[in-house]
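Below, chains carry the letters A, B, ... as their sequence lines are ordered, and counting in each starts from 1. Remember, it's a predicted structure, so these values are computed and weren't measured experimentally.
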Amino acid sequence: MTSGSHIPAAKPNVAWRQVGRPLERTDARGKATGATRYAGDYTMPNMCHAKVLRATMASATLRRLDASKARAL
Amino acid sequence: MPRKKTIALEVNGRIHHEAFPAHRTLLEALRELGHFDVKSGCEKGDCGACAVLVDGEAVDSCLTLAWTAEGRAITTVAGLGDAQKPHPLQEAFAKLGAVQCGYCTPGLIVASESLLRQKSNPDDDDIRLALSGNLCRCTGYTKVFDAVKEAAQARMAGGRK
């Protein structure tokens, strides 16, 4: 007996309706025509905007952060 | 305060009159005008998601200043076709599984259209070069190439579209 011989071979099953059939993504056309809206395409009333502020010094300890200019926007 | 200048931008055949400062990129301007089919990716010319046709040639709108696009014909992916009347490239991309997350798709289609206008029957090297400025992290490009070739065939069979 060769190894794997007791693994049954996949049989064609006439009841299969999706397996083996290429399907078009339901969202493909919207994306290909530019109609799909992504998260960044939305604006909401009073929406906050975030931006990454990176440290200008390596291994420094953050003692305080003046966010007044950002809050004023 | 940056000085703004009102310019006329022709997008997909429609003229918009809008005031923009000198540093406003075409990408930012188009999205301000509601053209969300133009995607904002890296914003520095690496990814190609923001590509639009300017006088028929693909450019990264993030590297183009809005003021310099005045008087030129801008075409976005939505200007090529829509769900009711898709462009052959849009049809082929959807049909052949070249669209996954889809964020790069508008840029890829615009760059492909720019190629097909110059070369109606491109080979793999032509496509590779033409799409070298467009990053796609989902598809691995194989199906994108299939779609461009299929659209080229459809276009030649149906006459220039």
Against chain A, residues from residues 99-111 of chain B with at least one heavy atom under 4.5 Å, in numeric order, are B:Val99, B:Gln100, B:Cys101, B:Gly102, B:Tyr103, B:Thr105, B:Pro106, B:Ile109
The side-chain hydrogen bond (donor to acceptor under 3.5 Å, both in side chains) partner of A:Arg29 among B:Gln84, B:Gln90, B:Glu91 is B:Glu91
Charged N to carboxylate O below 4.0 Å: is that the case for B:Arg128 and B:Asp125? yes
Under the salt bridge (Lys or Arg N to Asp or Glu O under 4.0 Å) rule, collect the residues that match up with B:Lys149, sequence neighbours excluded. B:Asp124
Going by the rule side chain to side chain contact (heavy atoms under 4.5 Å, CB included), which residues pair with B:Asn121 if we only count those two or more places apart in sequence or in a different chain? B:Gln153, B:Met156
Other hydrophobic cluster members with B:Phe20, side-chain heavy atoms of Ile/Leu/Val/Met/Phe/Trp/Tyr under 4.5 Å, chained? B:Ile7, B:Leu9, B:Val11, B:Leu26, B:Leu27, B:Leu30, B:Leu33, B:Val38, B:Val52, B:Val54, B:Val59, B:Trp67, B:Ile74
Within 6.0 angstrom of A:Met47 CE, more than 12 heavy atoms from elsewhere: yes
